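Everything below concerns the one structure shown next.
Atoms within each ligand, like the ligands themselves, are counted from 1 in listed order. No experiment lies behind these values; they were computed from the predicted model shown.
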Amino acid sequence: MRPDGRAKVGILISGRGSNMQSLVAASRAADAGYDVALVASDKPEAAGLAWAAEQGIATFALSPKGIGKPAYEAAIDQALRSAGVEVIALAGYMRLLSGDFVARWRGRIVNIHPSLLPLYKGLDTHARAIAAGDAKAGCSVHIVTEELDDGEVLGQAEVPILPGDDATALAARVLVEEHRLYPQVLTEFVRR
Ligand SMILES: Nc1nc2c(c(=O)[nH]1)N[C@@H](CN(C=O)c1ccc(C(=O)N[C@@H](CCC(=O)O)C(=O)O)cc1)CN2
Ligand SMILES: NCC(=O)N[C@@H]1O[C@H](COP(=O)([O-])[O-])[C@@H](O)[C@H]1O
């Protein structure tokens, strides 16, 4: 924790990075409680990396292809520690973190997932909610454990599933809530 009581957060992304952008924007508030010290990705071509660099935020990119998960995770871990990161926020990060990595950062990794956990862990959450005939969907911010999408839920936001919705329309409606919920929950989390 910095002398001014603000936590240093590292954000892991795999693509567009719109949640990362909402976390960065919110960090600029005096009462955010955190600063973004690093944006890292398993995809060097991830669009969010370029945006973060333009904001003057340190970035790190490495593909696990050809180097194996242990070496890959050791490099990500080193980049996070070198940046002084205290809390990791997964934001559209599509790789499963190993038990070793999670253990090294126990209780200090959070993730946003596009469903009302414990419903629809994993992928294709919106299509599954529509196929099930659900009346509502949403997103969840949870603590990351070894198990996929299984940790303590810190916050959720609901949206209606409307007649004629397809997964794309529903994802867009949920994403608006993700961008509102994640910064709010991260600020509460770093103050825990
Ligand atoms: N140990 C954990 N790692 C991650 C978690 C978690 O809860 N525990 N959350 C995910 C994010 N996520 C859902 O929010 C998610 C990411 C990826 C997948 C997935 O199925 N990925 C592909 C590729 C996996 C890989 O190559 O590593 C797959 O398994 O085929 C599902 C959900 C981030 N990591
Ligand atoms: N299972 C993890 C997962 O599906 N995460 C989801 O990926 C999207 C990333 O968008 P973004 O790159 O614009 O933040 C977000 O909708 C996030 O909830």
Side-chain angles (χ1 to χ4, degrees), residues 9-26 36 39-52 55 57 59 61-73 75-77 80 87-129 137-159 167-186 189:
V9 170
I11 305 176
L12 300 190
I13 67 172
S14 291
R16 173 183 60 191
S18 71
N19 275 288
M20 174 271 294
Q21 294 181 29
S22 67
L23 293 175
V24 168
V36 178
V39 173
S41 181
D42 62 319
K43 299 258 187 317
E45 71 281 8
L49 285 173
W51 183 88
Q55 306 299 309
I57 298 168
T59 61
L62 180 67
S63 168
K65 288 201 181 74
I67 64 170
K69 189 174 263 194
Y72 163 73
E73 288 191 343
I76 291 275
D77 185 79
L80 291 161
V87 170
I88 299 172
L90 307 183
Y93 182 71
M94 303 310 286
R95 296 248 158 220
L96 225 48
L97 294 170
S98 70
D100 289 352
F101 187 96
V102 172
R104 285 200 293 272
W105 292 87
R106 188 164 307 288
R108 295 190 290 147
I109 310 175
V110 295
N111 177 52
I112 186 135
H113 181 73
S115 81
L116 295 172
L117 291 172
L119 290 175
Y120 312 123
K121 297 179 178 184
L123 299 175
D124 309 321
T125 58
H126 304 304
R128 292 155 67 192
C139 52
S140 308
V141 178
H142 66 96
I143 290 187
V144 169
T145 64
E146 284 87 340
E147 303 311 313
L148 188 59
D149 305 328
D150 191 55
E152 173 193 353
V153 173
L154 301 170
Q156 292 187 311
E158 291 182 2
V159 302
T168 304
L170 184 53
R173 191 173 312 121
V174 172
L175 195 63
V176 173
E177 290 305 307
E178 293 183 41
H179 294 165
R180 182 188 58 73
L181 177 74
Y182 208 177
Q184 177 195 317
V185 171
L186 184 58
F189 179 73

Any side-chain heavy-atom pair of Val141 and Phe189 under 4.5 Å: no

Residues His179, Ser18; criterion side-chain hydrogen bond (donor to acceptor under 3.5 Å, both in side chains); working and verdict: CA-CA 8 Å; His179 294 165; Ser18 71; 2.7 Å; yes

Under 3.5 Å: N/O of Tyr93 near N/O of ligand 2: no

Leu12 heavy atom under 4.0 Å from ligand 1: no

Heavy atom of His142, distance to ligand 1 below 4.0 Å: yes

Where ligand 2 meets Leu175 - atom numbers and elements under 4.0 angstrom, heavy-atom basis: 16 (O)

Shortest protein heavy-atom distance from atom 7 (O) of ligand 2, along with the residue and atom involved: Gly92 CA, 3.8 Å

Any N/O pair Leu97/ligand 1 closer than 3.5 Å: yes

For the student: nearest non-hydrogen atoms of Val153 and Ser140, plus distance: CG1-CB, 4.4 Å

Nearest protein heavy atom with distance in Å, relative to atom 18 (O) of ligand 2: Glu178 OE1, 2.8 Å

Contact check: Leu96 vs ligand 1, nitrogen or oxygen atoms, below 3.5 angstrom: yes

Atom 2 (C) of ligand 1 - nearest protein heavy atom and its distance: Thr145 O, 3.4 Å

Heavy-atom nearest option to atom 22 (C) of ligand 1, drawn from Lys69, Met94, Lys121: Met94

Met94 to ligand 2, any heavy atom closer than 4.0 Å: yes

Geometric N/O contact Glu147 with ligand 1, under 3.5 angstrom: yes

Part of Leu148 within contact of ligand 1 (heavy atoms, under 4.0 Å): both

Val144 neighbourhood, listing ligand 1 atoms whose heavy-atom distance to it stays under 4.0 Å: 2 (C), 6 (C), 8 (N)

Nearest non-hydrogen protein atom, atom 7 (O) of ligand 1: Asp149 N, 2.7 Å

Closest protein heavy atom (residue, atom, distance) for atom 12 (O) of ligand 2: Gly17 N, 2.8 Å

